[in-house]
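Bear in mind that the values here come from a model prediction, so they are computed numbers and not experimental data. Per chain, numbering begins at 1; letters A, B, ... match sequence-line order.
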Amino acid sequence: MSLLEFFTNHTYRMVLAGTVTIGFVAGALGSFAYLRKQSLISDVIAHAALPGTLLAFLAAVLLAGTGGRNMLGLIAGAVVVGTIAVLFANGVARTSKISIDTAMAVSLTIFFGAGMLLLRIIANGEFPGKGGIQDYLFGNASVITIADLITSLTVGAVALALMLLFWKEFALRTFDPDHSSVLGFSARAIDTLMFTTIVIATVIGVKAVGLVLMVAFVVTPPAAARQWTRTLPGMVTLSAVFGALGSGVGAYLSIVLGNVPTGPLIVLTLFALFLVSLLASPRRSIVTAVLTRRRARAALKRELTGKGSAA
Amino acid sequence: MTSASARRDGEFACVARNLSVAYRAEPVLRNVDLFVPRGVVMGVVGPNGAGKSTLIKAMLGLVKPLTGRTEFFGLPLARVRQRVGYMPQSATVDWDFPTTVQDVVLMGTYGSLGWLRRPGRAERARAMAAMEQTGIADLASRQIGELSGGQRQRVFLARTLVQSPDLYFMDEPFQGVDAKSQQAIVAVLHALREQGKTVVIVHHDLVTVREYCDHVTLLNQRVVSSGPAAESFTKENIRTAYDVAADDDSFLEFVS
Amino acid sequence: MNFVLGTALLAVVTALACALPGTFIVLRKNSMLVDAISHAVLPGIVVGYFFTQDLESPLLIVGAALAGLVVAVGSEWLGRTGLLTGDAPQGLVFPALFSAGVILVTAKFANVHLDTHAVLVGDLNLAAWEQLTVGGVSIGPTYLYVMLAVLALNCAFLGAGYSRLKVTTFDPQFAGSLGIRVGLVNTAFMFVVSLTVTAAFHAAGAILVIALMIVPPATAYLLSRRLPVLFALTAVIAAGGALAGFWIAYELDAATSAGMAVFYGLVFVVGYLGTRIEQRRRHRLHAVRAVSTAQSAS
């Protein structure tokens, strides 16, 4: 397929634009989850997006009487429930002897289990436009509509704008949690805001790539970007670029190869990007780490033998 | 090594030669030689980041050394494991762990039990004796998180005593300890010395070094001095180890 | 055996087989690793199928368990390079492996009946479908006996390794100084966990195996101060919750694992709120006592 063919096809353009948007936003905001050492929170969020979306669907159908397929409404539901899941996990970890990883696991299972039950209730009822579980697990990039794309762009832009607006606070809270409280910012408020932006970054991708793999969009680009840069602005920018690039290349490949699911291929592309970063980045790669270690070992050994001859 | 020097090394409780450790590319210990005679309390003293804990961990094989090796009673550690006890720094465990004081003390016997054997009556009796020696027998059934810092240290001390080793390594046993616990730990130290056991303690408080230790090793990545306290723990050596200016005597008033 | 009874028993046995090793995972603060391991099941099965060409082969379980071990060991290794922070290593490894599995299924084995979403969600009723008959009499689902074997294996492993698991979990440095090979104990334990996750996914689905493994021990952990109590409570919550969850799912005609996950979640929330109230009460009591002693002193 020629590039021209590729770009003149409406579906292909939608897939590309949709996944690149997701990759960009998730990459940028994933940096904060990464630096807070809580990357897997995005996995909790993605799973909590299931009941969130379903509740929004039910609300739209039962209360508003609309079709229930409104993307903005579904995203809003997922953001609200996702944020509750995050607050629940962090709250339990803060106020009891349960550690954060266990709290996240508990939160994930409660919300996903509830989502599965809701899905069953919806399936048993007569609702227009209801979907099956596989739509949520793996998503489907080829059904992205113009309206979906515009919604993703708008919501993603809001999340990025929040990040820029509260840049200073986010940065402080990420690097030095104790200090930021001293300066008079409410730590709880900043956390909630920061995690809400991460929730947004996670849920806008669920429809296209599914809740199982969304975690990779949030974790992989920052982990790759971290190997190349030392500053926060550098990391957020590079991570966003990596996310967009990996998504674009992965989506392109999946279309060109045909019959290969988009989400998994993007994840593998991002992972390849990460591996290259890990192996080849000049300052922090595994190769340089091994070399520095060897050099240090050799230097110490020289020092040792030098002493031996002096004595 | 010749057999003569091997015999000489057997006179020491432990000998470390040329021990160097690096965390990633940063050297923490450089060419440390350490000789600990039998039956002494040896204090390892030095400023923060001097590599005191690392020295002990490297000797016990818990941190892989870059160069050098350590022998205990003239033998490699694997052959004399039962004769060597270790009391780690306390901050590293989960205090919410659902376990009682007695359980923790019993863990000291696990090294001599295999995969399947459980601590029996003999082990329990030894644990009780160790708890009595450290003055925590009445706390036996408490959950460890309910104890004060000093009591926790005494639990870890009892856990090491249960092993009844000949050589003890203690990493900052007096850290965060109340007066009563301090007394109890010192009493145990003295009792061990009377039994002819050897103790190596990492120690922070310069004021009490002479009181607790017969021998002192001043460490700051390298060994500054090592030997009987009177020879090793001198003003000059402390100045060198702590990098203090020669005229700052207020810092050293207590050493005389 | 009655089908409902057999299926309920399968739920209880699966819950127990998962929850018992789960206690040590909670104590090791490594709960999200179960999520990572369970997602490696799919690629493990695919690769196993590549060699056996038989979806019924028990070797598939071993293959999948090895894939789980790859995630556990691989993420630990990535973490040790010091180039990554926090829980990122797990989040990097398992989506990549899972994606590879999905792509292999669609590209190579499209004609094979290997339903990725069945792997993820699982179906207890389907797992209980095949009945084992002895002398013409049904003695319950075949899979019940598979899970009983896994339960027996786990009990044997935990029984034999109890002391070592305890000391390596509580204080690995000290365990090392006793001459215990901490790395070996960890790897053996992770293999057992991996095997359990693999065996359980038929019944519970890969996503919610983590509910069975983590939530009952987490609740018990909130409420217990001794390890034997922790184990007993875990078993009670796991078995009781399995029955209650089975009933919820039966009433709603939903996946049993979802019913179990939600019920376990509710028990956890009740346990959590209970300990919170107890904490507050004790704080208030302390405050009152402090005030009264201050008053009597003055």
Side-chain angles (χ1 to χ4, degrees), chain B residues 23-25 53 56-57 59-63 77-104 106-119 123 141-146 155-156 159-160 162-163 165 168-169 171, chain C residues 23-31 80-83 155-185 188-189 217-234 271-272 275 279 282 286:
Chain B
Y23 281 136
R24 305 197 192 292
S53 298
I56 287 188
K57 286 180 192 163
M59 290 171 82
L60 292 172
L62 298 171
V63 168
L77 181 61
R79 303 219 355 231
V80 286
R81 182 88 67 178
Q82 302 297 334
R83 295 177 67 188
V84 181
Y86 171 52
M87 176 178 164
Q89 235 173 336
S90 64
T92 48
V93 309
D94 169 18
W95 296 110
D96 288 323
F97 200 94
T99 189
T100 59
V101 168
Q102 190 185 17
D103 278 342
V104 175
L106 273 172
M107 284 181 193
T109 65
Y110 287 5
S112 53
L113 301 170
W115 270 84
L116 277 171
R117 262 185 64 209
R118 292 289 162 72
E123 281 80 16
S141 57
R142 292 271 198 94
Q143 196 263 334
I144 44 154
E146 297 168 6
V155 173
F156 286 126
R159 183 176 66 175
T160 316
V162 162
Q163 296 172 255
Y168 291 78
F169 285 91
D171 199 345
Chain C
T23 48
F24 276 111
I25 299 177
V26 169
L27 290 173
R28 284 163 181 246
K29 307 188 188 309
N30 219 349
S31 301
R80 261 211 311 273
T81 62
L83 298 170
C155 288
F157 180 79
L158 292 174
Y162 181 76
S163 303
R164 312 231 139 179
L165 284 166
K166 184 163 102 179
V167 70
T168 52
T169 304
F170 177 65
D171 195 343
Q173 290 237 313
F174 179 73
S177 82
L178 289 178
I180 292 172
R181 294 179 61 190
V182 181
L184 187 72
V185 175
F189 177 61
T219 315
Y221 177 69
L222 273 175
L223 304 173
S224 49
R225 292 180 190 179
R226 310 189 54 167
L227 211 45
V229 179
L230 176 68
F231 272 99
L233 262 180
T234 300
Y272 166 71
T275 50
Q279 265 173 18
R282 226 179 301 154
H286 271 291

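- Heavy-atom distances place both the backbone and the side chain of L227(C) under 4.5 Å from chain B.
- Relative orientation of the F231(C) and Y162(C) rings is tilted, given thresholds of 30° and 60° on the angle between their planes.
- Considering CD of E123(B) and CZ of R118(B), their distance stands at 12.5 Å, rounded to 0.5 Å.
- Per-residue counts of heavy-atom pairs under 4.5 Å with chain C were compared for I144(B), V84(B), D96(B), V104(B); the largest is that of D96(B).
- Most heavy-atom pairs under 4.5 Å with chain B: of the set V229(C), L27(C), I180(C), this distinction falls to L27(C).
- Contacts with chain C were tallied for P98(B), G111(B), G145(B), G108(B); P98(B) has the most, counting heavy-atom pairs under 4.5 Å.
- With rounding to the nearest 0.5 angstrom, the OG1 atom of T109(B) is 9.0 Å from the CD atom of Q163(B).
- Taking the six-membered ring for Trp and the full ring otherwise, the centers of Y86(B) and F156(B) sit at least 6.0 Å from each other.
- Taking M87(B), R159(B), M107(B), Q82(B) one by one and counting their heavy-atom pairs under 4.5 Å with chain C, the maximum is reached by R159(B).
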Take L106(B) and V162(B) through the test side chain to side chain contact (heavy atoms under 4.5 Å, CB included) and record every step on the way to the result.
CA-CA 7 Å; L106(B) 273 172; V162(B) 162; over 6 Å; no
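- Among L60(B), D103(B), D94(B), the residue with the largest count of heavy-atom pairs under 4.5 Å with chain C is D94(B).
- Highest contact tally toward chain B, considering only L230(C), D171(C), T169(C), is held by D171(C) [criterion: heavy-atom pairs under 4.5 Å].
- Residue L62(B) holds its CG atom at 7.5 Å from NZ of K57(B), rounded to the nearest 0.5 Å.
- Contacts of K166(C) with chain B are made by both backbone and side-chain atoms, with heavy-atom separations under 4.5 Å.
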